[in-house]
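Working notes, structure below.
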Amino acid sequence: MIQAKGIHKQFGALHVLKGVDLDVAERELVFIIGPSGSGKSTMLRCLNRLEVPTSGSVVVDGIDLLDPRTDLNHARQRIGMVFQSFNLYPHMTALGNVTLALRKVAGKSRAEADEIGHAALARVGLAERADHRPGQLSGGQQQRVAIARAIALEPRVMLFDEPTSALDPELVGSVLGVMRALRESGMTMVVVSHEMGFARAAADRVMFMDDGLIVEQGPPAQIFEAPLHARTRGFISQIQRH
Amino acid sequence: MIETFFNAAIMAQAWPIILAGLGNTLALSLMVVPLGLAGGMALALLSTLRSPWVRWPLMAWVDFFRAFPPLVLLIFLYAGLPFAGLELGGFACVGIAFFLNTGAYYGEVLRAGIESVAPGQIEAARSTGLTRLQALVWIVLPQAVRAVLPDLLSNTLEVVKLTSLASVVALPELLFQARQAQSLTYNPTPIVAAAAVYFLLLWPLVRLLSRLENRAVASRR
């Protein structure tokens with residue numbers, strides 16, 4: 001589903017990604033962990049071209065994202081993204097957030113878009129919050145609206161960039177619950193997060209990134225219980241202490 | 001004192017003249033405010049382009065017209081350009097001068113509004129497939145305008161007051177008419193009347209501005 005090869009990313013003199021390969025199969029859930037500044041978020045953002053790699057190739061669902069002839073806006077409908085800080089549109093209702101791209105990009109009528117939007121909000125358990133503005137919702141609810149906004153477009157892949165890092169601990173569960181349901185529906189997912197419990201239960205593969213490279217990857221049990229590299233061990237023991 | 005400044009007989013005589021002036025001041029404002037807003041919006045949208053070929057000329061343009069006194073600009077257009085064979089007429093001169101001057105001010109206000117919108121908003125919009133322009137129209141501008149509404153209104157107040165500058169190019173707006181009436185009657189009462197009309201015209205806007213500003217302060221707490 002995702003084939004990224006030899007991804008390099010430089011911001012001026014800063015070399016953030018130093019040749020990362022990432023293959024994700026259909027229906028697979030890949031977890032990316034690593035210290036801050038390791039390049040994991042930049043890597044994720046290369047997968048829908050919010051970041052343009054300095055070199056390398058990114059193919060998602062058969063679409064070459066770095067080919068200048070690619071209709072990027074069409075391709076992005078198939079790649080949902082959820083951000084750490086939710087990034088809901090504060091001047092619109094929850095339903096308005098979910099339906100904007102349906103109407104403006106997918107070309108649905110308002111009635112069609114509203115129907116799809118209500119269904120998407122129901123999937124994340126917020127059917128009765130459709131008319132609320134983001135400011136009237138808790139962080140967990142806002143993040144679920146953000147997930148609804150992405151899944152309403154029926155993406156083939158979902159990217160999650162630290163979806164629970166900005167949440168109070170008691171609100172994390174509701175977001176992880178929605179992600180687990182999405183996983184069970186067969187969605188292909190790439191998740192940057194430190195939710196190790198969730199990774200253990202749901203991930204097919206965990207990748208540990210450090211200093212712009214993938215240090216090691218494998219099934220969650222291997223990465224968390226018996227990592228091969230000292231750097232991975234150090235990082236795992238650090239986040240387990242929290 | 002009352003005879004001099006608040007003379008009822010003179011007021012009655014001058015009233016139709018002043019009313020005509022008020023009509024022209026309103027017409028001028030209705031021309032000049034949308035023109036300035038349109039110019040400002042164009043400048044603010046151009047400022048979102050990152051190219052130095054746009055940014056530097058744009059900055060020079062805005063700086064120049066903010067530093068250039070609008071009265072001087074107006075007199076140059078009205079009394080200077082005819083020497084180059086270009087006679088534009090008072091109304092057109094006021095329109096151009098205000099477009100250049102207030103456009104630069106509105107442009108800076110709107111630019112600040114656009115820059116106040118979190119970059120994550122645009123990223124979220126683009127990640128769902130919206131184009132740059134769609135993200136600007138549906139996501140950035142509504143939030144930007146809301147963020148700077150008090151400043152836009154405050155600038156609009158200044159613009160309406162500045163329309164009195166049109167009196168120097170013999171446009172019969174409120175101040176010009178009041179001075180005509182004054183010289184007809186040899187009495188300053190018409191000027192006082194014009195001041196009162198300005199106040200009544202602008203005071204509701206001033207009240208609205210205060211309320212918006214208070215609300216902005218409250219929402220920041």
Side-chain angles (χ1 to χ4, degrees), chain A residues 41 44-45 47-52 63 70-92 96-107 113 117 120 133-135 142-143 145-155 157-161 166, chain B residues 37 40-41 44-45 48-52 54-55 106 109-153 208 211-221:
Chain A
S41 282
L44 194 72
R45 291 158 60 87
L47 300 181
N48 67 350
R49 238 189 89 171
L50 274 185
E51 238 36 280
V52 184
I63 302 170
T70 296
D71 180 352
L72 192 62
N73 298 314
H74 180 74
R76 277 176 171 156
Q77 289 180 69
R78 299 158 164 249
I79 311 170
M81 184 152 194
V82 174
F83 300 85
Q84 179 176 359
S85 47
F86 327 139
N87 296 349
L88 290 184
Y89 316 133
H91 58 301
M92 294 182 184
N97 269 273
V98 176
T99 55
L100 182 71
L102 285 169
R103 293 193 288 126
K104 303 299 170 192
V105 184
R133 302 243 172 174
Q142 288 188 51
Q143 192 60 300
V145 173
I147 295 173
R149 174 171 68 183
I151 61 176
L153 292 162
E154 297 184 357
V157 177
M158 284 283 290
L159 311 175
F160 291 85
D161 190 3
Chain B
L37 275 172
M41 187 56 88
L45 290 180
T48 65
L49 301 175
R50 292 277 161 250
S51 157
V54 177
R55 285 185 85 79
Y106 277 125
V109 170
L110 288 168
R111 188 175 65 89
I114 288 173
E115 284 175 3
S116 77
V117 177
Q121 291 286 310
I122 300 168
E123 290 185 349
R126 299 300 311 272
S127 80
T128 60
L130 266 69
T131 63
R132 251 181 70 90
L133 185 65
Q134 284 175 322
L136 205 57
V137 169
W138 299 105
I139 303 305
V140 177
L141 288 182
Q143 295 182 59
V145 169
R146 222 159 290 199
V148 294
L149 206 54
D151 305 283
L152 286 177
L153 187 57
L208 179 63
R211 286 184 55 179
L212 284 176
E213 282 168 341
N214 286 339
R215 212 170 62 188
V217 170
S219 75
R220 248 178 259 133
R221 283 203 188 110

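Naming: A, B, ... by sequence-line order, numbering from 1 per chain.
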With rounding to the nearest 0.5 angstrom, report the OG1 to CD1 distance, B:Thr128 to A:Ile79. 12.0 Å
Check whether A:Leu102 gets within reach of chain B through its side chain, its backbone, both or neither, counting any heavy atom under 4.5 Å. neither
Heavy-atom contact with chain A under 4.5 Å, split by part of B:Gln134: side chain
Scored by heavy-atom pairs under 4.5 Å with chain B, the best of A:Pro90, A:Ala150, A:Gly80 is A:Pro90
Of the non-hydrogen atoms in A:Leu88 and A:Arg149, which two are nearest, and what is the gap between them? CA-NH1, 3.7 Å
Using heavy-atom distances under 4.5 Å, tell me whether A:Tyr89 contacts chain B through its side chain, its backbone, both, or neither. both
Who among A:Asn87, A:Leu72, A:Val82 has the most heavy-atom pairs with chain B under 4.5 Å? A:Asn87
Can you give me the closest heavy-atom contact between B:Pro150 and B:Leu212, atom names plus distance? CG-CB, 4.1 Å
Measure the spacing between OH of B:Tyr106 and CG of B:Asp151 and express it to the nearest 0.5 Å. 11.5 Å
Heavy-atom distance under 4.5 Å to chain B: side chain of A:Arg45, backbone, both or neither? side chain
Return the CZ to CG distance between B:Arg146 and B:Leu152, rounded to the nearest 0.5 Å. 12.5 Å
Which pair of non-hydrogen atoms, one from A:Ala166 and one from A:Gln84, has the smallest distance, and what is that distance? CB-O, 3.5 Å
Selection from B:Pro142, B:Ala118, B:Gly120 maximising heavy-atom pairs under 4.5 Å formed with chain A: B:Gly120
